[in-house]
**Q** 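To start, I am sharing the structure in question, which I have written as structure tokens.
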Amino acid sequence: MFAKLFRSRPSVQSEPSGSIPNGQRIYAIGDIHGRLDLLKDLLARIAADEMDRAPAETQLIFLGDLIDRGPESAQTVEFLRLLALERTTGRTRFLTGNHEEVFLSGLDGSEKALRFFTRIGGRETILSYGFSEAEYDSLDYPELSAELQARVPAEHRAFLAGFEDMIIIGDYVFVHAGVRPEEPLSNQQRKDLRWIRGEFIEHKGPFEKIVIHGHTITEAVEMTAHRIGLDTGAYASGKLTAMGFEGDRRWVLSGDLDETVAAIRMRLCGRDGSEIVAARQAMQGQLWC
């Protein structure tokens, strides 16, 4: 069943050429969809990767769809909300995915949005906020709406509502779904940035910037001459993917739990104390020896 969700096109067609300003480093992280286990593993890998590189001004950019389908959406939101608070302002940025959009609309009281939400993986998100399966099945939509609004913390709603739709750094633009071909970035519509698929994916020509996106699942990172897709279907595949950017270089990190967080911690703890402190600072205390 899950195989139908993955695009079968080649994962690498040609390598786009671009760069970010000197002294900066970016890690862009694909769609998490409630897989907190994979997220923690991937952040450990990023921290280890940071230790192997020269100091730089590092940003984490999450490409959206933190929630739905996977089992720990509420826990993922809370984990990332706290991570953003702990890291220096501007070092952790989030893009709004279509799943966040529908969730927030449902929390605002739209029964139509809530009905749609439950059809696109929202059931798992609702359960993660403390609903039992029996309770979920027993509630009609007005009752479910009222209970969900009561159980989702105001801090979660404010956090999700504060996400961005587009981030431009150097030769790259980071979005959730994609951009409307032939339209300048200044004219892009929110609905396209969060929802577009076919027109964007099938476009062969250049965009104003190299587009880094999630939303459309592929078995591995998908590169064309003008875009890079990082959604590797974490909730179904067990593989969450990030890409690092520095100068004109790019590299892929993948959290598929083949190498455990514990093994990475052991590696970090084998180094001298200053590097351990640096690793802790990189992920704000998420790695402990």
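Nothing here was measured: the structure is a model prediction, and the numbers come from that model. Excluded from the calculations below are hydrogen atoms, water molecules and symmetry mates; all remaining heavy atoms, backbone and side chain alike, are included.
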**Q** Cut-off 3.5 Å, side chains only: do Tyr235 and Asp68 have a donor facing an acceptor?
**A**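 No, no side-chain donor-acceptor pair sits under 3.5 Å.
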**Q** Any donor-acceptor pair under 3.5 Å linking the side-chain atoms of Glu246 with those of Trp251?
**A**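 There is no such pair between these side chains.
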**Q** Are any of the side-chain nitrogens in Asp49 or Arg53 under 4.0 Å away from the carboxylate oxygens of its partner?
**A**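 Yes, this pair counts.
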**Q** How about Tyr172 and Ser19: does a side-chain donor come under 3.5 Å of a side-chain acceptor?
**A**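 Tyr172 vs Ser19: no donor-acceptor pair found between side chains.
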**Q** Tyr136 and Tyr129: aromatic ring centres closer than 6.0 Å?
**A**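 They do not qualify: ring centres at least 6.0 Å apart.
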**Q** Less than 4.5 Å apart, any side-chain heavy atom of Ile20 and any of Asp171?
**A**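 They are not in contact (no side-chain heavy atoms under 4.5 Å apart), so the answer is no.
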**Q** Treating Arg194 as the side-chain partner and Asp165 as the backbone partner, does any N or O pair qualify as donor plus acceptor under 3.5 Å?
**A**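 No; judged by distance alone, with no hydrogens or angles, the pair does not exist.
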**Q** Using the test ring pair (Phe, Tyr, Trp, His ring centres under 6.0 Å), find all partners of Phe117 that sit at least two apart in sequence or belong to another chain.
**A**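 Counting only residues at least two positions away or on another chain, Phe117 forms a ring pair (Phe, Tyr, Trp, His ring centres under 6.0 Å) with Phe103.
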**Q** Is the ring centre of Phe200 less than 6.0 Å from the ring centre of Phe207?
**A**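 Ring centroids of Phe200 and Phe207 are less than 6.0 Å from each other.
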**Q** Among side-chain atoms of Thr92 and Arg87, is any donor-acceptor pair under 3.5 angstrom?
**A**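 Yes, because at least one side-chain N or O of Thr92 sits under 3.5 Å from a partner of the opposite role on Arg87.
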**Q** If you look at every heavy atom in Asp31 and Asp231, which pair is closest and at what distance?
**A**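 The answer is OD2-OD2, 3.2 Å.
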**Q** Is it true that His226 and His203 have ring centroids separated by less than 6.0 Å?
**A**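 Between His203 and His226, which both carry aromatic rings, the centre distance is not below 6.0 Å.
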**Q** Do you know the tightest heavy-atom contact between Ile67 and His99?
**A**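 Nearest heavy atoms, Ile67 then His99: CD1-O, 3.7 Å.
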**Q** Got Ile29 and Leu43 here, is their nearest side-chain heavy-atom distance under 4.5 Å?
**A**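 Side-chain contact under 4.5 Å: yes.
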**Q** Taking atom CZ of Arg151 as the centre, does the number of heavy atoms from other residues, nucleotides or ligands within less than 6.0 Å exceed 12?
**A**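 Result for CZ/Arg151: enclosed.
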**Q** Where is the tightest heavy-atom contact between Leu185 and Glu208, given as atom of each residue plus distance?
**A**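 So the minimum-distance heavy-atom pair works out to N-OE1, 2.8 Å.
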**Q** Decide, yes or no, whether a salt bridge links Arg157 with Asp108 under the criterion of side-chain N to carboxylate O below 4.0 Å.
**A**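 Here Arg157 pairs with Asp108 in a salt bridge, since their nearest N and O are under 4.0 Å apart.
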**Q** Considering residues at least two apart in sequence or located in another chain, which fulfil the side chain to side chain contact (heavy atoms under 4.5 Å, CB included) criterion with Pro71?
**A**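 With neighbours one apart ignored, the set is Arg35.
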**Q** What I'd like to find out is whether the side chain of Ile169 reaches to under 4.5 Å of the side chain of Gln24, using heavy atoms alone.
**A**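 In short, these two side chains touch, coming nearer than 4.5 Å.
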**Q** Could you pull out the closest heavy-atom pair between Glu143 and Ser138, with the gap in Å?
**A**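 Looking at all heavy atoms of both residues, the closest pair is OE1-O, 4.1 Å.
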**Q** Taking Ser237 for the side chain and Gly233 for the main chain, is one N or O donor matched with an acceptor at less than 3.5 Å?
**A**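 Side chain of Ser237 to backbone of Gly233, a donor-acceptor pair under 3.5 Å: yes, one is there.
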**Q** For Phe94 and Phe159, I'd like to know if the aromatic rings sit close, meaning centre-to-centre distance below 6.0 Å.
**A**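 Ring centroids of Phe94 and Phe159 are less than 6.0 Å from each other.
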**Q** Would you say Glu100's side chain and Leu66's backbone share a donor-acceptor pair under 3.5 angstrom?
**A**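 Answer holds: yes.
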**Q** Would you call the rings of His215 and His176 parallel, tilted or perpendicular, taking 30° and 60° as the class edges?
**A**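 Rings of His215 and His176: perpendicular, as their planes differ by over 60°.
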**Q** Whether the Ser145 and Gln149 side chains hold a donor-acceptor pair (N or O, under 3.5 Å, no angle test) is what I'd like checked.
**A**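 Yes, a side-chain donor-acceptor pair sits under 3.5 Å.
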**Q** Is the CG atom of Asn22 crowded by more than 12 outside heavy atoms at less than 6.0 Å?
**A**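 No - once you tally the heavy atoms of other residues, nucleotides and ligands closer than 6.0 Å, there are 12 at most.
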